[in-house]
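To start, the structure under review is shown below, and the notes come after it.
In what follows, residues are counted from 1 in the order of the sequence shown.
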Amino acid sequence: PPVVTVMGHVDHGKTSLSDFIRKAKVAAGEAGGITQAIGAYNVDVEVDGEKKTICFLDTPGHEAFSAMRARGARVTDLAIIIVAADDGVQPQTREAVSHAQVS
């Protein structure tokens, strides 16, 4: 299936968006509310009456997890870059864009 990677700065809402898409509550159980591993999940959607699967990757936003974000970007077909309206573009946001451009 196509792979969509959700990337951005720490605490900007990546996992909350992913939780909404997958109808889960992963963010509530994370240590300090910070994603510390790549999360992968499949979502089934209907396209022209046919069931299709999309694979989503939720990547950590903390600066310590740069290598994980790079790995997520390397396998992606589409990157969603999350920017919190109250915090703006941050260092890991720029890094996420860079990783996505290279992949």
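Applying side chain to side chain contact (heavy atoms under 4.5 Å, CB included) to Asp77 and the options Val4, Ile54, Val3 leaves one that passes, Val3.
Counting heavy atoms from C-beta outward, Leu57 and Val6 have side chains that stay 4.5 Å or more apart. Tyr41 places a side-chain heavy atom less than 4.5 Å from the side chain of Ser18.
Closest approach of Met7 and Ala79 over heavy atoms only: SD-CB, 4.4 Å. Closest approach of Gly8 to Ala96, counting heavy atoms only: N-CB, 3.9 Å. The minimum heavy-atom distance between Val83 and Val89, with the atom names listed, is CG1-N, 3.8 Å.
No donor-acceptor pair under 3.5 Å is formed between the side chain of Asn42 and the backbone N or O of Thr53. Of the possible donor and acceptor atoms, one in the side chain of Thr76 sits under 3.5 Å from a partner among the backbone N and O of Thr5.
Among residues two or more places apart in sequence or in another chain, the salt bridge (Lys or Arg N to Asp or Glu O under 4.0 Å) test is passed with Glu46 by none. Taking the ring-ring contact (aromatic ring centres under 6.0 Å, His included) definition, one finds that Phe20 meets it with nothing, sequence neighbours left out.
The CG atom of Asp58 sits 9.5 Å away from the CD1 atom of Ile82 when rounded to the nearest 0.5 Å.
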